[in-house]
4 protein chains.
Amino acid sequence: MDLLPRSAMASSSLPRLGPVAGKVASFGQMSRKLTPRGKERRAQLIAFATHEFAEKGYHLTSVADIVDGLGVGKGVFYWYFSSKEELFVEIMRTSQRGMRRQQQAAITGVEDPVKRIELGIRAGVLWLAEHNDLRKLFEFARTEGRFREAMQSGQAVLVSDAQVHLEEAIEQGRIPDRDPEALALAIIGVSNQLTNVYIDGRNMNPEFVADLVVSFCRDGIGVGGCDGIGVSARDAIGASQRD
Amino acid sequence: MDLLPRSAMASSSLPRLGPVAGKVASFGQMSRKLTPRGKERRAQLIAFATHEFAEKGYHLTSVADIVDGLGVGKGVFYWYFSSKEELFVEIMRTSQRGMRRQQQAAITGVEDPVKRIELGIRAGVLWLAEHNDLRKLFEFARTEGRFREAMQSGQAVLVSDAQVHLEEAIEQGRIPDRDPEALALAIIGVSNQLTNVYIDGRNMNPEFVADLVVSFCRDGIGVGGCDGIGVSARDAIGASQRD
Amino acid sequence: MDLLPRSAMASSSLPRLGPVAGKVASFGQMSRKLTPRGKERRAQLIAFATHEFAEKGYHLTSVADIVDGLGVGKGVFYWYFSSKEELFVEIMRTSQRGMRRQQQAAITGVEDPVKRIELGIRAGVLWLAEHNDLRKLFEFARTEGRFREAMQSGQAVLVSDAQVHLEEAIEQGRIPDRDPEALALAIIGVSNQLTNVYIDGRNMNPEFVADLVVSFCRDGIGVGGCDGIGVSARDAIGASQRD
Amino acid sequence: MDLLPRSAMASSSLPRLGPVAGKVASFGQMSRKLTPRGKERRAQLIAFATHEFAEKGYHLTSVADIVDGLGVGKGVFYWYFSSKEELFVEIMRTSQRGMRRQQQAAITGVEDPVKRIELGIRAGVLWLAEHNDLRKLFEFARTEGRFREAMQSGQAVLVSDAQVHLEEAIEQGRIPDRDPEALALAIIGVSNQLTNVYIDGRNMNPEFVADLVVSFCRDGIGVGGCDGIGVSARDAIGASQRD
DNA sequence: TATGAATGAGGTTTCATTCAT
DNA sequence: TATGAATGAAACCTCATTCAT
């Protein structure tokens with residue numbers, strides 16, 4: 001033998017470590033009492049993971065990438081989060097709350113519903129611009145079953161927020177009477193798309209992009225609309241669902 | 001050469017019985033001569049993989065899932081595709097071409113640019129509704145670096161298609177003079193969002209959803225618009241980029 | 001479904017092909033009656049495979065590489081060879097015979113044993129230079145159990161060829177009386193090493209390298225040697241083996 | 001940055017608990033902080049893999065073979081080495097260093113250059129005899145492109161070590177003036193060949209084999225040589241390269 | 001004879017997760 | 001709390017070989 005007697009090789013003197021069998025982590029979130037230091041660590045993990053997820057994608061970012069990037073051990077991760085999945089869901093939840101808060105702050109105290117809609121759109125676009133990483137995560141979350149539900153319920157909140165103002169505008173005759181939910185969804189679609197291409201892709205000025213979105217959506221919902229606008233749409237409202 | 005002059009290798013006096021080897025395919029794609037049987041297999045793989053990718057997501061669908069689903073061996077997959085990634089890109093490319101073809105077929109011979117836009121939107125939404133699986137793949141492709149480029153170039157084609165009609169409409173004074181690219185992007189954003197929620201999520205009638213999209217976008221681009229519409233947007237055009 | 005009804009996917013209409021179970025090819029060489037055309041194909045396969053094996057190594061050259069490189073189907077390969085292993089062994093065998101033939105042709109009719117040794121060395125080096133691919137295969141064959149035996153028996157022939165001349169030289173008192181087998185092996189070692197580095201690695205003139213080898217080996221075996229040379233070696237001859 | 005300024009990530013106020021991430025290791029090698037336990041494991045893996053590689057060959061030894069042989073999980077391998085290839089290169093590098101160390105230890109303090117050469121040869125042969133597994137790996141490494149470079153640079157060191165002594169011997173007129181590099185290579189060729197056949201193949205006494213090699217090489221380089229030795233070689237020196 | 005299609009064991013590698021220390 | 005070591009299922013992919021056509 002060369003470096004070690006053969007017998008010594010086969011029967012290692014080292015005891016075995018590691019998991020015994022495929023124990024799956026129970027789903028659900030961890031709730032641990034955290035010291036201030038612990039809170040900072042947790043925030044660090046979230047911040048860095050968000051960055052990595054956005055950069056490379058959820059699946060291409062391993063837990064090892066995250067802890068290595070912060071220079072900590074694997075145990076740290078599982079001390080604060082019960083799984084990678086839980087971390088992701090946590091990021092989603094927090095972010096959606098943050099976006100909503102910013103949107104609501106922007107419209108607080110504004111009387112005019114149309115103005116509220118405009119300000120809401122603008123706040124939304126600016127938030128997305130500022131939290132570009134999170135916008136990417138939202139996009140991903142929509143594409144995978146287990147995260148979809150969380151995403152949709154979050155989006156539903158935004159939609160219903162917008163709906164309120166749209167309904168008020170309709171009641172006041174400021175815009176034509178079209179399905180407010182559809183209008184809200186359309187607004188979200190425009191916001192995401194233009195933010196994606198113009199801010200993420202071309203690094204344009206967020207205020208400018210917000211203007212574009214507002215401009216398209218103002219017209220789209222029929223603000224300042226003349227007679228005849230949206231007629232076909234109004235006719236369509238109330239149509240039945242398939243199947 | 002050792003046993004035979006190199007030239008003797010390449011050009012044997014024996015009749016060529018197969019393809020002349022040689023690397024072809026500049027973009028990583030396999031290009032094999034396929035028998036009818038082979039073509040059928042390949043189509044089967046694409047169809048089944050598309051379904052699985054849409055259902056579970058790209059990463060959660062393994063090559064094993066695909067070949068097991070078809071009841072064939074693993075080698076079959078790699079006979080037709082050089083990698084899972086290549087298959088995905090192939091699906092993207094083909095789909096985008098298909099969508100464009102359908103859109104162009106819908107507007108062929110129509111004089112009025114505004115009408116062309118409407119028909120294009122409608123055709124797009126109906127295609128998305130019909131190929132819901134592919135719509136999901138598009139969403140995913142946008143979220144991962146290696147597929148993003150392919151997606152964006154495909155989307156760029158759709159955008160520039162729409163731009164042509166928008167520009168013509170602007171020239172004819174049918175809609176206000178706003179950045180046609182932004183308008184095209186906004187239309188795409190609305191189409192995706194409403195299709196996603198209403199057709200994929202709630203299984204609504206695609207024609208109805210198409211109506212919703214057309215309605216919002218007609219107004220959004222300013223069809224039949226009055227003075228004063230889009231003023232702020234027009235002012236914003238030409239603003240500089242961030243950073 | 002998108003491209004194919006789901007039911008059609010799972011149950012392919014294509015019958016299954018391929019091997020049924022792990023049947024191992026019986027070892028041994030194929031002996032088929034070959035037409036002239038068949039002989040040419042076989043030679044083509046050998047030539048191309050030799051080239052590829054030398055370039056990339058035996059394990060990194062797949063049967064597919066070989067048949068693709070010649071633009072033929074897989075069946076061709078297995079028509080002429082029962083396995084990749086058999087092909088390799090066949091190349092070894094043929095080559096060793098070729099080298100020996102060239103070496104013997106070079107010394108035919110030469111009286112002086114020392115001259116024969118020199119000419120043999122020179123012929124060997126030139127053969128190795130000309131068949132550099134095969135030299136590489138020889139090196140590889142030595143490193144893997146299943147090919148080793150074939151290699152060693154082939155080398156043994158060369159050694160015993162050389163031994164004859166060395167013994168005659170010793171008998172004639174032309175060189176000191178040292179173990180002729182060891183001398184023959186040493187000559188082979190020098191030939192291989194210098195050919196490897198100078199011809200394969202630095203593309204030097206084979207004649208020049210042959211001179212270097214001859215020069216070292218002439219002295220090494222003690223041609224023109226003075227008294228006292230090789231004394232310690234002579235003492236060592238006859239020493240017992242280990243174990 | 002999205003949630004935390006980027007700088008905040010890199011330099012947290014929390015004490016650094018592990019290595020600061022960051023790619024190190026310019027040549028693909030892993031450089032992990034290892035505990036004593038880890039070092040032992042790594043050494044075990046190297047020892048066992050060396051044994052297996054030598055026994056069955058690099059390609060016929062799978063990572064599974066290695067970890068199974070040690071009774072550990074597959075992940076262990078990739079904890080210590082980034083790939084099978086890296087492990088192999090690591091073995092090569094370490095071994096070459098080890099051989100050189102032993103050779104240099106053997107000649108330290110010896111005045112006579114010819115004596116140094118003899119002792120160096122002897123030390124080399126004895127090292128090869130003692131590390132027969134590694135000798136086999138060296139042979140294999142020469143046959144495959146990706147390992148060749150590492151091998152050659154390692155061998156170049158040995159050659160240049162020997163060259164120094166040969167040049168000194170030439171200057172002192174102890175041996176004829178022939179290309180010292182060629183002489184060094186020839187010595188290596190003889191050492192490998194005789195060790196291979198006599199020690200690995202026939203299990204002879206290493207000391208005896210070392211005597212054989214020294215004897216042949218002493219004469220080969222012309223120690224104690226008379227006039228007229230090496231004339232043709234001297235003439236050849238300086239000849240041009242092919243092509 | 002020759003081909004393209006198919007097989008499937010087995011190769012390397014990754015990675016979420018666990019746990020002794 | 002934190003770490004490094006370990007697990008092992010499972011992922012992607014390769015390839016010698018077989019065989020219907």
Side-chain angles (χ1 to χ4, degrees), chain A residues 14-25 32 34-35 37-38 41 59-65 67 72-80 82-85, chain B residues 15 17-19 32-35 37-38 41 59-60 62-65 67 72-85, chain C residues 14-25 32 35 37-38 41 59-65 67 72-80 82-85, chain D residues 14-15 17-19 32-35 37-38 41 59 62-65 67 72-80 82-85:
Chain A
L14 299 175
R16 282 166 140 264
L17 288 179
V20 178
K23 203 69 58 59
V24 178
R32 220 187 269 287
L34 296 178
T35 63
R37 174 206 172 100
R41 258 282 133 82
H59 289 284
L60 301 182
T61 301
S62 66
V63 173
D65 288 338
V67 296
V72 300
K74 283 238 179 69
V76 169
F77 186 94
Y78 288 94
W79 179 258
Y80 293 104
S82 67
S83 72
K84 186 180 156 188
E85 190 166 334
Chain B
L17 294 162
R32 218 191 270 284
K33 259 215 139 200
L34 294 181
T35 61
R37 177 205 179 91
R41 259 287 133 79
H59 288 285
L60 300 183
S62 68
V63 172
D65 288 339
V67 294
V72 298
K74 228 172 263 183
V76 168
F77 186 94
Y78 292 95
W79 178 257
Y80 294 102
F81 306 100
S82 65
S83 69
K84 187 176 144 185
E85 187 167 336
Chain C
L14 298 177
R16 282 168 140 262
L17 288 180
V20 179
K23 203 69 57 59
V24 178
R32 219 189 269 289
T35 64
R37 175 207 171 99
R41 260 280 134 82
H59 289 284
L60 300 182
T61 300
S62 66
V63 173
D65 287 340
V67 295
V72 299
K74 283 239 179 69
V76 168
F77 186 93
Y78 288 94
W79 179 258
Y80 294 104
S82 67
S83 72
K84 186 180 157 188
E85 189 165 335
Chain D
L14 295 177
L17 292 160
R32 218 189 271 285
K33 262 213 135 201
L34 294 181
T35 61
R37 176 206 180 93
R41 260 284 133 81
H59 289 285
S62 68
V63 172
D65 288 339
V67 294
V72 299
K74 232 174 255 182
V76 168
F77 186 94
Y78 291 95
W79 178 258
Y80 294 102
S82 66
S83 69
K84 188 177 146 187
E85 188 167 336

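As the structure is a prediction and not an experimental result, all values here were calculated from the model. Here is the naming used below: chain letters follow the sequence lines, and residue numbers restart at 1 for every chain.
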**OP:** Mind checking the CZ-CG spacing from R41(A) to L34(A)? Nearest 0.5 Å is all I need.
**Re:** 12.5 Å

**OP:** Identify, with sequence neighbours excluded, every residue that meets ring pair (Phe, Tyr, Trp, His ring centres under 6.0 Å) alongside Y80(D).
**Re:** none

Original post:
According to a strict under-4.0 Å criterion, is T35(A) in side-chain N/O contact with OP1 or OP2 of dT1(F)?
Top reply: yes

Original post:
Can you find a side chain N or O atom of R37(D) that sits less than 4.0 Å from OP1 or OP2 on dA6(F)?
Top reply: yes

Original post:
Rounded to the Å, how far apart are K33(D) NZ and dT21(E) P?
Top reply: 20 Å

Original post:
Nearest 0.5 Å, what's the CZ-CZ distance between F81(B) and R32(B)?
Top reply: 11.0 Å

Original post:
Under the side chain to side chain contact (heavy atoms under 4.5 Å, CB included) test, which residues partner S62(D), sequence neighbours left out?
Top reply: A64(D), D65(D)

Subject >> Y80(D) OH - dT12(E) C1' separation (whole Å) >> reply: 20 Å

Please enumerate all protein N or O atoms sitting under 3.5 Å from an N or O of nucleotides 11-15 of chain F, with distances to 0.1 Å.
residue: dC12(F); atom: OP1; partner: K84(B); partner atom: NZ; Å: 2.6
residue: dC12(F); atom: OP2; partner: V63(B); partner atom: N; Å: 2.9
residue: dC13(F); atom: OP2; partner: Y78(B); partner atom: OH; Å: 2.9
residue: dC13(F); atom: OP2; partner: K84(B); partner atom: N; Å: 3.1
residue: dC13(F); atom: N4; partner: K74(B); partner atom: NZ; Å: 3.2

Original post:
Looking only at heavy atoms, what is the nearest atom pair of K84(A) and T61(A), with distance?
Top reply: NZ-O, 2.9 Å

**OP:** For S83(B), enumerate each residue passing the side chain to side chain contact (heavy atoms under 4.5 Å, CB included) test, keeping only those at least two apart in sequence or located in another chain.
**Re:** E85(B), E86(B)

Original post:
Can you check whether R41(B) has a side-chain N or O nearer than 4.0 Å to OP1 or OP2 of dA5(E)?
Top reply: no

**OP:** Ignoring backbone atoms, establish whether R32(B) has a side-chain N or O less than 4.0 Å from OP1 or OP2 of dA5(E).
**Re:** no

Original post:
Once Watson-Crick and G-U wobble pairs under 3.5 Å are found, how is DNA chain F written in dot-bracket notation, 5' to 3', with | for any base paired to another strand?
Top reply: .||||||||||||||||||||

Original post:
Quick one: ring pair (Phe, Tyr, Trp, His ring centres under 6.0 Å) partners of Y78(B), sequence neighbours excluded?
Top reply: none

Subject >> Among dA6(E), dT1(F), dA2(E), the one nearest W79(A) by side-chain distance >> reply: dT1(F)

